[in-house]
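The structure appears below as structure tokens.
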Amino acid sequence: METPGAGMMTPETSANLSDDAAVRIFRTMTTIRSTEDRIMRGLGAGEFRMTYYNVRGQEAIPAAIGEHLKRDDYMVTTYRGMHDCIAKGIPLDEMVAEMCGKVTGTSKGKGGPMHLSDPQSGLMVTTGVVGGGLPIAVGLALSSQLRGTDQVTVVNFGDGATSIGATHEAANLAALWQVPLIFVCQNNRYGEHTAFADYTRTPSLAERFKGYGMAATTVDGNNVPEMFEAAAEAIGRARAGGGPTFLECLTYRLGGHTFGATTEYMDPDEFAAAEADEPVGNYRRWLIETRGIADATLAGIEAEVTAEVEAAVASAKASAPPPPDELQIDVFADPVSVPR
Amino acid sequence: METPGAGMMTPETSANLSDDAAVRIFRTMTTIRSTEDRIMRGLGAGEFRMTYYNVRGQEAIPAAIGEHLKRDDYMVTTYRGMHDCIAKGIPLDEMVAEMCGKVTGTSKGKGGPMHLSDPQSGLMVTTGVVGGGLPIAVGLALSSQLRGTDQVTVVNFGDGATSIGATHEAANLAALWQVPLIFVCQNNRYGEHTAFADYTRTPSLAERFKGYGMAATTVDGNNVPEMFEAAAEAIGRARAGGGPTFLECLTYRLGGHTFGATTEYMDPDEFAAAEADEPVGNYRRWLIETRGIADATLAGIEAEVTAEVEAAVASAKASAPPPPDELQIDVFADPVSVPR
Amino acid sequence: MTVTRASEPSGNPPVDDGDPVHTLSEGVNQAMDIAMAEDPEVFLLGEDIEDPIGGVMKGSKGLSTKYGRQRVRNTPIAEQAIVGTAIGASLVGMRPVAEVMLMDFFAVAMDQVANHAAKLRYMSGGRTHVPITIRTSVGGGRQFGAQHSQSLEAWMMHIPGLKVAVPSTPRDAKGLLYSCIFDDDPCIFMETMSLLFTRGPVPAGRFALPLGVAEVKRAGDDVTVVTWGWQVPEALAAAETLAGEGISVEVLDLRTLVPLDREAILASVARTTRAVVVHAATQFAGPGAEIAALISHELFGQLSAPVERLGAVYSPIPYATELETLAFPERTRIADTIRTLA
Amino acid sequence: MTVTRASEPSGNPPVDDGDPVHTLSEGVNQAMDIAMAEDPEVFLLGEDIEDPIGGVMKGSKGLSTKYGRQRVRNTPIAEQAIVGTAIGASLVGMRPVAEVMLMDFFAVAMDQVANHAAKLRYMSGGRTHVPITIRTSVGGGRQFGAQHSQSLEAWMMHIPGLKVAVPSTPRDAKGLLYSCIFDDDPCIFMETMSLLFTRGPVPAGRFALPLGVAEVKRAGDDVTVVTWGWQVPEALAAAETLAGEGISVEVLDLRTLVPLDREAILASVARTTRAVVVHAATQFAGPGAEIAALISHELFGQLSAPVERLGAVYSPIPYATELETLAFPERTRIADTIRTLA
Ligand SMILES: Cc1ncc(C[n+]2csc(CCOP(=O)(O)OP(=O)(O)O)c2C)c(N)n1
Ligand SMILES: Cc1ncc(C[n+]2csc(CCOP(=O)(O)OP(=O)(O)O)c2C)c(N)n1
Ligand SMILES: [Mg+2]
Ligand SMILES: [Mg+2]
């Protein structure tokens with residue numbers, strides 16, 4: 001495979017990316033990375049328990065997209081969506097608390113890591129069903145169109161999700177109605193334990209999605225400036241009423257399907273190459289070498305972020321589990337509707 | 001729209017179509033047409049009752065395909081599939097009896113017009129669920145691949161069925177596994193009461209299906225020689241292990257969604273043009289004028305067919321409804337498994 | 001039709017036979033029309049729902065003409081997209097009314113219905129909720145065959161988070177649908193095809209019926225028939241026949257299965273001490289099982305006879321009329337069953 | 001574990017504690033291995049079922065290596081295609097074993113399951129049939145959240161034409177799966193995750209258990225617990241506790257829900273006169289409702305107490321352990337319920 005991120009060193013691709021924006025993106029990527037590192041450390045040490053879907057390697061995608069989103073724009077993501085949630089601005093402490101099943105979590109501990117949502121920050125749905133979020137995203141985008149706002153909706157999903165029916169139905173309908181929706185396919189090369197070439201003969205997902213009559217492009221999802229430009233174009237088009245875009249963001253899953261899962265089916269050389277070129281470190285180098293950002297500035301951000309993450313974990317750990325009487329709350333608005 | 005069938009007058013398109021084959025195709029098309037005419041007459045006169053899905057205008061597609069199929073090839077179709085069933089060779093009397101809910105029907109009257117099937121003639125499934133037949137067809141085709149036979153499977157479905165998830169999942173899997181399957185999309189321009197352009201922005205279905213990594217072409221489904229050639233190529237490729245093909249067969253539904261249903265949403269000029277160019281009469285003229293087949297030969301076939309159809313209707317009418325004790329037979333192989 | 005107000009704590013208005021007469025389909029249409037006029041956030045989506053068709057069962061007739069194609073939207077044949085789109089718009093406060101043409105086709109969309117619509121409020125700890133209504137026609141008794149004749153309310157009842165309404169009269173259809181549209185949780189609204197064009201009084205203007213309130217469609221003392229939808233008129237016909245034989249039958253129309261009017265069921269059966277649960281859904285592991293188990297449990301020792309159930313036989317629905325009429329309950333078999341109890 | 005042969009008319013072989021010990025997952029694996037060795041028409045398809053993964057729950061471990069990737073086939077993430085492909089191949093005599101990774105994901109494939117697999121034999125008047133097996137893992141009790149913890153056997157039971165097997169021991173898993181694979185109708189085979197790695201004796205070599213034959217997993221005289229799958233060990237633990245209190249509990253493991261061993265249920269409860277139906281599925285409109293209604297009806301007047309039901313509470317399954325443990329039945333609540341009867 002061509003290594004994602006490799007093209008990043010060409011400065012001309014970063015024309016519209018201001019230093020401020022570049023640094024904000026770095027902060028987001030760093031927050032994602034250090035939250036993951038901290039969670040994995042905690043899991044390893046038995047400090048807390050959860051099924052954790054690692055996002056290492058995919059940080060650049062939501063960080064670059066997030067730079068173009070407003071708080072009231074909508075986002076839908078999947079179980080492997082912690083990076084998306086962070087980029088959309090879910091409060092870190094509430095997010096970690098939810099992943100740990102605590103009452104201060106975004107869902108009072110009743111949803112868990114696969115069901116993070118926080119309408120306040122525009123993160124509307126996290127689903128555990130492959131493809132399940134896409135039709136819902138069409139509806140979120142339609143609401144903006146019907147209400148005449150300039151909000152956009154971003155729906156994140158994996159490469160493997162392109163094989164399932166819901167994805168197809170959503171793409172056709174979004175294109176038909178020209179809703180302001182960006183399909184962000186995070187192509188990390190694997191669907192659970194199956195490689196791309198083992199589940200489709202499609203040469204290019206972007207080409208396939210053009211078939212619905214919508215704009216579609218393939219972008220290096222580990223290349224921040226490229227991701228930034230592609231997101232700007234797609235989101236700009238959607239805001240302007242130009243309809244949906246499919247973005248195939250090439251990246252690589254730097255881990256197994258979940259924390260602790262085997263990687264034996266992954267090509268070791270490919271994995272090593274991707275790890276050597278991992279986006280956070282890569283981007284950090286680029287900021288210093290190409291953009292002339294001071295190492296100290298970045299180090300300062302890293303220190304702040306580490307402290308924020310530590311604080312979030314501490315507050316999650318200090319928080320209580322949901323009380324028993326929460327069991328049948330939130331089934332219906334009206335508890336008396338619950339059958340006895 | 002360009003009128004289907006219009007291109008048929010060019011003789012060079014019929015190089016491989018022998019006179020015998022051309023006449024057999026005429027007989028099939030005539031059988032389809034006269035069965036439909038007879039059923040509609042019977043329905044109009046209250047002679048029998050059923051929900052009838054008219055096939056007028058789509059006769060050429062299965063007639064031309066059928067010429068390339070062997071009895072042990074498999075076919076799957078939809079509620080609007082009487083023409084496909086006839087072309088695949090379902091006994092006419094059993095088919096009509098089933099449509100009338102009689103015990104001599106293919107399903108003893110328990111399936112009805114939407115569920116015609118006769119494994120003996122290779123007609124494996126008729127489904128009433130849009131898109132439902134396609135995944136099943138992949139399995140039929142896979143069985144031939146696994147068993148190493150040269151059988152092919154043909155799955156018929158409408159243009160509207162291309163919007164539903166099952167169709168997408170089947171296309172991706174068929175291409176991945178290179179099964180001997182021909183996707184026959186009978187594009188009659190309407191999904192129930194909705195026109196093509198009102199349910200998708202896809203410029204070309206054939207282009208869209210190429211996205212799965214399979215051969216795909218658009219063909220004039222009302223042009224017998226063209227249909228014959230396209231089917232030959234697709235079926236030949238499948239038999240030779242070359243994998244699936246998507247055939248978008250352009251045609252026109254010369255009626256409402258069902259017998260007696262409104263056509264008010266259909267463009268009257270378009271409808272009139274298609275009717276003026278309807279495939280059976282059109283093909284008959286072509287056989288005489290371009291292929292020099294004697295009118296008397298065709299008239300003789302028409303007379304025979306009319307008699308066959310009349311006999312089938314008569315035997316269906318003479319047949320009894322299924323007896324009450326059939327109610328819970330065929331639920332399981334073993335009646336004792338049926339819960340009381 | 002006798003109507004008691006006993007089972008109507010929430011002030012369920014009485015039937016006024018002076019009300020204008022309409023079909024059940026017109027009742028549905030009125031509820032949507034009024035909801036759309038009252039609230040710009042209400043919109044409709046589904047297959048062939050725009051004029052001139054106005055829905056294959058005519059439920060939305062005239063509404064695209066009146067409110068425009070922005071608010072009455074034809075869709076591709078894609079039920080997952082239809083339901084999912086409704087869910088998404090509802091998450092931000094709109095009130096979509098989606099149509100799934102036939103209940104059998106829910107089978108392609110159950111992930112959106114059961115794993116998303118039903119669960120999002122809970123999975124988000126109440127931060128989001130899904131105020132959608134999904135209308136669907138229910139076949140049966142019309143020779144539509146095995147894939148177009150299923151009553152699948154049991155699937156819906158079993159999934160926590162879904163409300164289920166099944167009107168049996170034009171009046172109930174209007175009042176229940178209006179309440180479903182403005183309910184803050186997902187509602188499955190079942191329109192029985194064989195009742196869609198039956199006529200009855202429908203209150204003019206804004207009219208709401210509370211969800212979870214059964215109605216005694218006929219009062220009686222000897223046996224309670226608990227039923228809904230299609231089987232209500234069948235049960236009423238059986239009751240009429242049996243009245244002539246001196247058997248007094250109460251017909252309780254549940255109208256909604258979730259919420260379930262437990263009190264109305266138990267109050268009636270406690271009085272009659274005999275119950276038959278009748279529905280068009282398959283009897284085995286069907287909706288009637290829950291109700292029969294409930295009655296048998298709560299009224300243990302107070303019943304004069306076992307609770308009988310009458311649902312569709314255990315088989316796919318056959319096509320031939322001669323068999324299909326044997327597959328579903330109907331007035332004569334209901335009457336026969338009641339006789340064995342009384 | 002006491003085993004009576006009373007409920008085993010079809011010569012269900014006894015447990016021989018000398019049998020080699022394996023996990024339930026190994027029992028599943030052995031059944032498929034033997035079936036594939038015996039019949040070249042048996043093949044497997046599903047997500048990640050090939051080695052080195054061998055299925056995310058390891059059920060097919062080693063089989064792609066042994067039989068090749070023609071007969072053990074990884075698929076895209078497309079459950080409609082997985083089930084539909086199995087159906088198609090089965091129509092012409094093959095015996096596919098499809099895997100749907102988790103039962104919750106049946107929601108995307110119910111059209112193939114309920115409208116096609118279940119109905120094709122009937123709709124074709126017996127000219128075709130669908131000898132497929134669909135294996136699926138069932139979550140619950142593992143903090144997988146609302147979309148990965150559902151037991152949906154009630155959906156399957158309610159659709160005429162589907163058989164449903166739910167083993168609770170490695171031995172039953174092997175014997176039942178083998179029978180499902182060679183059964184001529186569609187079988188849903190549920191593998192309870194929390195039991196997959198429990199160990200027990202498994203007969204070596206070819207081993208079949210008849211479908212539709214319940215097994216008394218523990219004999220008793222005072223109360224019958226009717227249960228299956230996950231809840232069997234919970235019920236046995238409760239029975240053990242109660243034995244110490246002088247309450248003799250019979251634990252009847254249904255093993256299959258369709259066919260339903262009605263005789264075994266009624267025979268046991270007729271003797272004990274008290275019954276509790278326990279399952280992991282949601283209690284409301286759940287599988288236990290059918291069984292409770294059946295017992296209450298058939299043994300009317302012969303019961304010493306109302307039939308109790310214990311299923312999952314009416315709510316999506318919560319994530320936090322502290323709540324999830326309250327959502328499902330378990331030994332202590334089962335024991336408490338039994339005490340109220342005895
Ligand atoms: C409908 C459905 N089928 C199967 C699964 C099990 N599953 C969970 S994640 C996953 C792989 C998804 O791959 P991809 O879409 O590429 O996303 P990634 O995990 O790589 O981010 C599968 C098969 C599921 N959650 N939903
Ligand atoms: C899943 C599903 N949704 C809706 C329907 C109702 N329906 C029956 S036929 C039809 C139109 C199908 O159009 P097309 O695929 O073009 O086939 P045609 O009728 O034109 O042959 C619809 C929507 C159905 N049968 N199945
Ligand atoms: Mg992936
Ligand atoms: Mg069409």
Side-chain angles (χ1 to χ4, degrees), chain A residues 49-51 79 98-103 105 107-115 126-132 158-168 191-196 198-200 257-258 261-262 264-265 320-332 337-340, chain D residues 46-56 58 64 69 73-82 84 101-102 104-109 111-112 139 142-150 282-286 289 309 311-328:
Chain A
R49 273 184 39 248
M50 73 181 71
T51 303
Y79 52 88
E98 187 58 36
M99 295 170 86
C100 296
K102 301 303 186 73
V103 71
S107 306
K108 298 184 266 181
K110 303 200 297 189
M114 280 203 271
H115 305 301
T126 296
T127 185
V129 180
V130 168
D159 50 290
T162 58
S163 301
I164 201 160
T167 300
H168 160 76
E192 198 138 0
H193 312 287
T194 303
F196 185 84
D198 296 331
Y199 64 73
T200 189
H257 177 57
T258 54
T262 178
E264 59 190 311
Y265 52 89
D325 61 16
E326 272 290 338
L327 183 56
Q328 289 184 293
I329 303 296
D330 303 320
V331 176
F332 292 118
S337 293
V338 173
R340 268 164 297 140
Chain D
E47 294 156 15
D48 302 306
I49 67 171
E50 293 178 5
D51 294 331
I53 299 302
V56 294
K58 305 288 162 235
S64 67
R69 287 180 156 63
R73 312 178 67 91
N74 273 0
T75 64
I77 305 166
E79 284 76 9
Q80 295 191 75
I82 293 168
M101 202 182 276
L102 262 183
D104 310 70
F105 310 149
F106 267 93
V108 298
D111 175 60
Q112 288 299 322
R142 303 166 62 87
Q143 283 205 274
F144 284 172
Q147 291 177 334
H148 289 61
S149 304
Q150 298 172 91
T282 299
Q283 182 171 316
F284 186 74
R309 285 182 287 157
V313 298
Y314 188 93
S315 83
I317 303 305
Y319 171 69
T321 324
E322 295 79 0
L323 291 184
E324 190 180 18
T325 52
L326 301 176
F328 291 108

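Naming convention: chains lettered A, B, ... in sequence-line order (proteins, then strands); numbering from 1 in each chain.
When every heavy atom of A/Pro321 is checked against every heavy atom of D/Glu322, the shortest pair comes out as CB-CD, 3.3 Å. Listed here is the closest heavy atom pair of A/Val331 and D/Ser315: CG2-CB, 3.6 Å. Looking at every heavy atom in both residues, A/Pro322 comes nearest to D/Leu323 through CG-CD1, 3.6 Å. In plain terms, the two heavy atoms of A/Pro113 and D/Tyr319 that are nearest each other are CD-CZ, 3.3 Å.
Other residues, nucleotides and ligands place more than 12 heavy atoms under 6.0 Å from the CZ atom of D/Arg69.
Taking D/Arg309 as the reference, C/Glu290 meet the salt bridge (charged side-chain N to carboxylate O under 4.0 Å, His left out) condition, with sequence neighbours excluded. Scored by the side chain to side chain contact (heavy atoms under 4.5 Å, CB included) test, A/Ser163 finds A/Tyr199, B/Asn172, D/Pro76 as partners (sequence neighbours excluded).
Using a 4.5 Å cut-off between heavy atoms, A/Phe332 touches chain D through its side chain atoms alone. Neither the backbone nor the side chain of A/Thr200 comes within contact range of chain D; no heavy atoms are under 4.5 Å apart. The parts of A/Val129 that come within reach of chain D are both its backbone and its side chain, each placing non-hydrogen atoms under 4.5 angstrom from that chain. For chain A, the nearby parts of D/Leu326 are the backbone and the side chain; heavy atoms of each come within less than 4.5 Å. A/Thr127 touches chain D through backbone and side chain together, each having a heavy atom under 4.5 Å away.
Remark: side-chain polar atoms of A/Gln328 are paired, donor with acceptor, to backbone N or O of D/Tyr314 under 3.5 angstrom. When atom types are taken as modelled, the side chain of D/Gln147 and the backbone of A/Gly128 share a donor-acceptor pair closer than 3.5 angstrom.
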Side chain to side chain contact (heavy atoms under 4.5 Å, CB included) assessment of D/Val313 paired with A/Leu327
CA-CA 9 Å; D/Val313 298; A/Leu327 183 56; 3.9 Å; yes

Evaluate D/Thr75 against A/Thr194 for side chain to side chain contact (heavy atoms under 4.5 Å, CB included), listing each step before the verdict.
CA-CA 9 Å; D/Thr75 64; A/Thr194 303; over 6 Å; no

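The distance from atom CD1 of D/Ile77 to atom CD of A/Glu192, rounded to the nearest 0.5 Å, is 7.0 Å. The NE2 atom of D/His148 sits 4.0 Å away from atom CE of A/Met114, with the distance rounded to the nearest 0.5 Å. Of the inter-residue distances, the one linking D/Thr321 atom OG1 with A/Arg49 atom CZ reads 5.5 Å to the nearest 0.5 angstrom.
Contacts with chain D were tallied for A/Gly165, A/Gly109, A/Gly105, A/Gly160; A/Gly109 has the most, counting heavy-atom pairs under 4.5 Å. Residue with the most contacts toward chain A among D/Glu50, D/Met101, D/Gln80: D/Met101 (heavy-atom pairs, distance under 4.5 Å).
For the pair A/His193 and D/Val56, the minimum side-chain heavy-atom distance is below 4.5 Å.
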